Structures are given as structure tokens and as C-alpha cells.
Amino acid sequence: MDKVRVRFAPSPTGPLHIGGVRTALYNYLFAKQNGGEMILRIEDTDSQRFVPGAEDYINEALAWLGIGIDEGVREGGPYGPYKQSERRDIYREHVKMLMDAGKVYMAFDTPAELEEKRKSVPNFQYDASTRMSMRNSLSLPTDEVQRLLDSGAQYVVRFKIEPGRDVEVNDHIRGKVVIKSDILDDKVLYKSADDLPTYHLANIVDDHLMKISHVIRGEEWLPSAPLHVLLYEAFGWADTMPAFVHLPLLLKPDGKGKLSKRDGDRLGFPVFPLEWHDPKSGDISSGYRESGYLPAAVVNFLALLGWNPGDDTEVMSMDELISKFSLSHCSKAGAKFAFEKGKWFNHVYLQQTPTEDLVALFKNVMTKNGVSPEDFSDEYIAKAIDMVKGRANFVSDIWDQAKFFFVAPTEYSAKDIRKRWSEDTPRLMGELTAVLASLTDFSSQAAEPVVLGWITDNGYHMGNVMNAFRLAVVGECKGPHMFDITELIGRDETISRIAKAVEAIKLPEA
Ligand code: GLU
């Protein structure tokens with residue numbers, strides 16, 4: 001096989017969808033596995049649909065996920081420019097090549113004329129059966145064509161599809177797909193009005209000139225593939241045509257049909273890698289990054305949507321994915337977007353993240369919750385995180401589990417009061433305070449036997465006393481080991497919280 005060169009070729013028409021991210025990832029994994037190159041090409045020939053900020057968004061999303069680009073607009077490379085709007089000369093020249101070879105023709109039909117045809121002819125298609133009844137360089141006399149061009153009439157260049165051909169597309173995932181050329185229309189390849197090619201022409205010319213070996217893209221592009229095969233032939237490039245790989249669709253988590261943004265809104269998960277601020281409407285769409293996902297978790301989750309390693313392995317780093325990835329283990333069937341699994345991956349990766357990294361991320365969460373991180377040492381924050389992270393899927397969950405390490409409770413769970421607080425509790429808490437005050441060593445290890453000894457020696461109820469203690473310190477009867485908590489918050493804070501609770505907790509009138 002020649003050198004592997006793949007491309008991710010998004011159109012900057014909005015935020016990159018999570019399905020597009022998966023396409024980019026599979027291209028990257030395949031390239032790296034084969035010592036090949038990953039090209040990022042910006043397909044911006046549709047000026048009508050161009051959205052400012054979309055290109056930066058694509059770059060930022062890929063960088064966040066660790067999907068490296070070897071050649072692209074920012075990276076440069078020997079086959080540039082990598083942005084299609086900067087390649088007009090190249091496309092113009094290639095349109096001329098097809099024109100000289102008689103593979104295309106100029107069509108002068110106005111939008112109104114085309115509309116009229118569509119209305120009067122049922123299932124109208126611009127093809128071999130109709131083209132001679134239209135206004136184009138095949139049907140009009142040569143001098144008329146010249147007159148139109150001289151008068152500055154706008155035209156499009158259409159591909160002259162020959163009927164009666166079986167067009168074969170060999171897809172690495174789908175196998176051989178054969179269609180009859182009769183069903184294809186004479187696609188527009190170029191528009192004089194904006195001097196730009198359409199997607200089909202630009203895509204094929206660039207894949208050829210950039211020496212792309214494999215076209216790995218979403219299944220929604222499969223219907224374009226027969227046309228692309230014919231274009232390679234028309235240019236005389238059939239021998240160097242890249243291999244086609246059409247990836248299965250991403251499906252709704254709860255049923256059939258393509259995953260859409262609405263599914264995300266309905267079920268509460270992002271469909272974009274990063275938060276997106278729509279420049280026109282001002283709408284904000286949530287992103288995986290801002291929702292607290294770790295990039296490695298997103299990568300791992302996406303890698304398994306449409307591919308499997310051939311065994312049960314689920315947790316794989318980028319390097320492991322690169323070494324295990326294979327096109328033969330990509331599925332034909334659509335992949336359900338199991339977003340709950342995405343949370344599970346985040347949980348797994350959160351546990352593997354070094355605590356010092358979590359501390360840095362957690363400080364943002366603290367600030368958001370009105371606590372200034374400078375009031376606590378990194379060591380203190382790290383210890384609190386380590387005690388609770390086993391129950392967290394996201395860094396923000398850590399706050400829910402650990403906030404009492406940073407702010408004393410101001411409210412106490414009514415349910416737990418009913419269950420664990422009685423008239424006698426303030427007296428017991430007073431005794432407990434004395435025991436805590438008398439300890440020479442306040443560490444978990446030293447404090448625990450003394451406090452538990454005091455409870456048993458006095459015949460007190462272990463569960464009630466310990467839970468009242470917890471209620472006073474935490475605000476509810478939940479959390480990590482009690483004496484680990486008190487060791488970290490320290491003696492003064494523990495005793496002051498007990499006093500505060502005794503003061504604040506009023507028993508309901510009997
Ligand atoms: N510009 C197309 C897109 O937005 C590229 C499709 C392809 O990879 O050929 O996805």
C-alpha cells in the first residue's frame with residue numbers, strides 16, 4: 001500500500017457535531033496506526049452556509065481531544081492551500097480539463113426556468129433524457145453559446161453522466177455497492193456566479209492532488225460515492241482512486257433514526273465537543289468540555305461507537321486505540337449513542353486522573369460555588385478530593401460530595417434530624433465535645449478508638465451518636481469515614497460545627 005494519507009474535510013457551516021468528531025478520530029487512528037498523515041481540509045466552497053467562528057471551533061475541538069493534524073491551514077504542508085476558498089485557480093483549471101475532454105458542459109438555465117421544468121415534468125431530473133431540451137452548450141448552437149458568454153450570462157458546469165453504466169463503489173465496510181448511472185443526474189460541478197466549484201468537484205480534485213489514500217467519512221456521503229467514482233474516471237485518475245470507508249451512522253440513544261441535537265436537549269447530553277455560541281441567534285449549545293468531560297473519556301467513548309477491538313476491552317488510551325484500531329472491526333450497523341456509557345467512561349478516567357490535575361480543575365468549581373481556593377492549601381483540597389472521587393463521574397460531582405470540607409453546613413437534613421436527633425442529643429454532643437477537646441492526637445487513627453470507647457463505655461447507642469455527630473459536621477448522614485473528615489477539617493472546626501448544630505437544630509414540637 002502507498003503511504004496512508006487521510007483527510008478530515010469539514011465544512012465550516014456551524015459547530016462540529018459529535019458524529020464529525022468520531023469521523024475525525026477514526027481518520028486519525030487509522031493514519032497513526034499506519035505511520036501515515038492526517039490532513040485537515042476546510043471545505044468552504046458553499047459561501048451561503050459559511051458561519052464565522054466555525055473553523056476556529058473545529059481546530060479547538062480537535063486540539064482539546066488530542067486529535068493531531070499533520071497538514072492543514074494552520075500546520076501548512078506541501079499540498080496547500082488547505083482551505084478550498086483559496087484554491088479557486090486549481091478548480092478553474094480542472095473544470096477546463098473536463099471541458100476540453102468533453103466530460104462536462106455549460107448550462108444556462110435560470111433558476112426560474114428550472115423551477116418551471118420541475119413543476120411541469122413529474123420527477124424532473126437534469127440528465128441524458130432531458131438535457132437536450134434544456135438551454136446548454138450541448139443543445140444550443142455554438143454561436144448562441146458564444147453570444148451568451150459574451151453577454152456575461154451566468155452558467156453552471158454540469159457533469160455529463162453517460163447512461164447505461166454500472167457504477168461500482170468498493171467500500172471497506174459495506175463491500176461492493178453497484179448502482180446504475182441512469183439514476184444519477186448531471187450534477188453541477190461549478191458555478192460561474194461565484195467562480196467556485198461545488199462540493200463534489202472540489203472534494204475529488206483535492207483528494208487526488210493531496211494524494212489521499214483513504215476517504216473515511218460518514219455514511220451520509222455514501223450516495224455521493226458513485227458520482228465521485230465517475231469523476232475520477234473522467235479525469236483519468238481511476239488508477240489512483242482512494243479507498244472508500246463509510247462509517248455507520250450514530251443513532252438516537254433510545255431508538256432508531258439519526259442522532260440529532262434535539263435528542264441531546266431532550267435527554268440531557270451534549271452533541272457538540274465544545275460549547276457553541278451561535279453568532280446569529282446568540283443561542284448557546286452545551287459541549288462535552290464545558291460539561292466536565294475529560295478529553296480521554298470522550299475519545300474512548302467515541303472510538304467504541306462503530307468499532308470494537310475484537311474482545312471485551314473497553315478502557316483504552318489514545319495510544320492503545322491507535323494500535324488496536326482496524327477498519328475490519330468497524331460495524332455496518334448504526335451505533336446507538338449510549339450517552340450513559342459516556343458518563344461511565346468519564347468516571348473511569350476521573351479515577352485515573354492524577355489528584356494534582358483534579359485539584360486544578362476543582363479550584364474552578366470552588367470559585368463557581370463562591371469559595372475562594374486560596375483559603376485552602378492544595379494538600380487540603382487534594383485530600384478532600386481523594387476521599388470522595390470514587391463516587392463522582394465529573395469534577396462537579398466532587399463538589400456535591402465534598403462541599404462540607406470547604407463550607408460548614410448551614411442547613412441540616414430534616415429527615416436525618418427526625419431519625420437521629422433527640423432531646424438528649426445536645427447533652428451527648430456536649431460530652432463528645434469534651435472527649436474531642438481532650439485528645440492529644442486528633443488524627444483519624446487516634447481519635448476513632450477514643451470516641452468509640454466513650455460511646456460503648458457509657459452504653460450509648462452507637463448509630464444514633466455517630467449519626468448525630470455526622471449530621472452536625474456534614475449537614476446530613478452521608479459522606480466518607482467520619483474520623484477522616486474530622487482529621488482534615490481539624491479539631492477547632494469540628495467542635496465549632498457541633499456547637500453550631502446544637503444551637504441551630506430545633507426539634508419539631510411533639
Ligand atoms: N465537506 C464534507 C463534510 O462537511 C466532506 C465530506 C467528505 O468527507 O467527503 O462532511
Side-chain angles (χ1 to χ4, degrees), residues 4-31 36-51 53-59 61-62 67 69 71-73 79 81-87 91 159 169-174 177 187-190 196-232 235 237 241-250 258-261 271-273 276 302 306 327 330:
V4 165
R5 288 177 53 84
V6 298
R7 85 304 195 268
F8 178 52
S11 299
T13 53
L16 182 59
H17 190 270
I18 199 73
V21 176
R22 185 200 53 174
T23 300
L25 175 64
Y26 283 24
N27 272 287
Y28 175 77
L29 295 177
F30 185 70
E37 267 122 24
M38 166 81 166
I39 290 111
L40 175 62
R41 185 171 73 223
I42 299 296
E43 301 209 323
D44 59 346
T45 57
D46 189 345
S47 49
Q48 310 264 307
R49 294 178 58 217
F50 177 80
V51 172
E55 186 183 337
D56 286 342
Y57 180 98
I58 291 163
N59 284 310
L62 298 181
I67 299 174
I69 303 299
E71 294 172 24
V73 178
Y79 300 94
Y82 292 89
K83 191 187 284 200
Q84 289 187 329
S85 58
E86 292 169 11
R87 297 171 64 82
Y91 304 129
F159 192 23
V169 177
N170 287 303
D171 186 275
H172 269 244
I173 295 179
R174 256 138 241 289
V177 181
K187 273 273 174 306
V188 173
L189 300 182
Y190 170 86
L196 274 172
T198 58
Y199 154 73
H200 301 289
L201 183 91
N203 191 268
I204 269 40
V205 167
D206 289 349
D207 282 350
H208 175 74
L209 295 179
M210 294 179 183
K211 297 201 163 46
I212 299 302
S213 64
H214 294 74
V215 167
I216 304 175
R217 61 185 172 191
E219 187 182 87
E220 63 273 27
W221 301 99
L222 185 59
S224 301
L227 172 72
H228 294 180
V229 168
L230 291 176
L231 268 171
Y232 282 108
F235 276 115
W237 299 335
M241 188 160 66
F244 287 111
V245 184
H246 288 95
L247 303 174
L249 282 180
L250 291 185
K258 215 178 143 202
L259 174 72
S260 73
K261 174 161 155 37
V271 297
F272 301 117
W276 168 255
L302 288 180
L327 295 176
C330 288

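Atom set for the values below is all heavy atoms of this structure, side chains included, hydrogens, waters and symmetry mates excluded. Both counts, for ligands and for their atoms, begin at 1 and track the order of listing. These numbers come from a predicted model, not from an experiment.
Going from atom CD1 of Ile39 over to atom CD1 of Ile212 covers 4.0 Å, rounded to the nearest 0.5 Å.
In terms of protein heavy-atom proximity, atom 2 (C) of ligand 1 is closest to Ala9 O, 3.3 Å. Regarding atom 1 (N) of ligand 1, its nearest protein heavy-atom neighbour is Glu43 OE1, 2.6 Å. Scanning the protein for heavy atoms near atom 4 (O) of ligand 1, the closest one is Ser11 OG, 3.2 Å. Annotation: atom 8 (O) of ligand 1 to nearest protein heavy atom, Arg7 NH1, 2.7 Å. With respect to atom 10 (O) of ligand 1, the closest heavy atom belonging to the protein is Trp221 CZ2, 3.3 Å.
For Val51, the side chain to side chain contact (heavy atoms under 4.5 Å, CB included) partners at least two apart in sequence or on another chain are Ala54, Trp276, Pro279. With sequence neighbours left out, Asp46 forms a side chain to side chain donor-acceptor pair (under 3.5 Å) with no residue at all.
At a heavy-atom cutoff of 4.0 Å, ligand 1 is contacted by the side chain of Tyr199 but not by its backbone. Only side-chain heavy atoms of Asn203 come within less than 4.0 Å of ligand 1; its backbone N, CA, C and O stay farther off.
In summary, the side chains of Arg217 and His246 do present a donor paired with an acceptor at a separation below 3.5 Å, with no hydrogens or angles considered.
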* Apply the test salt bridge (Lys or Arg N to Asp or Glu O under 4.0 Å) to residues Arg7 and Asp206: give CA-CA distance (whole Å), side-chain angles for both, the deciding distance (0.1 Å), then the verdict. => CA-CA 10 Å; Arg7 85 304 195 268; Asp206 289 349; over 6 Å; no
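Distances from ligand 1 to the non-hydrogen atoms of Glu220 include no value under 4.0 Å.
Using cut-offs of 30° and 60° for the angle between ring planes, the Phe272 and His17 rings count as perpendicular.
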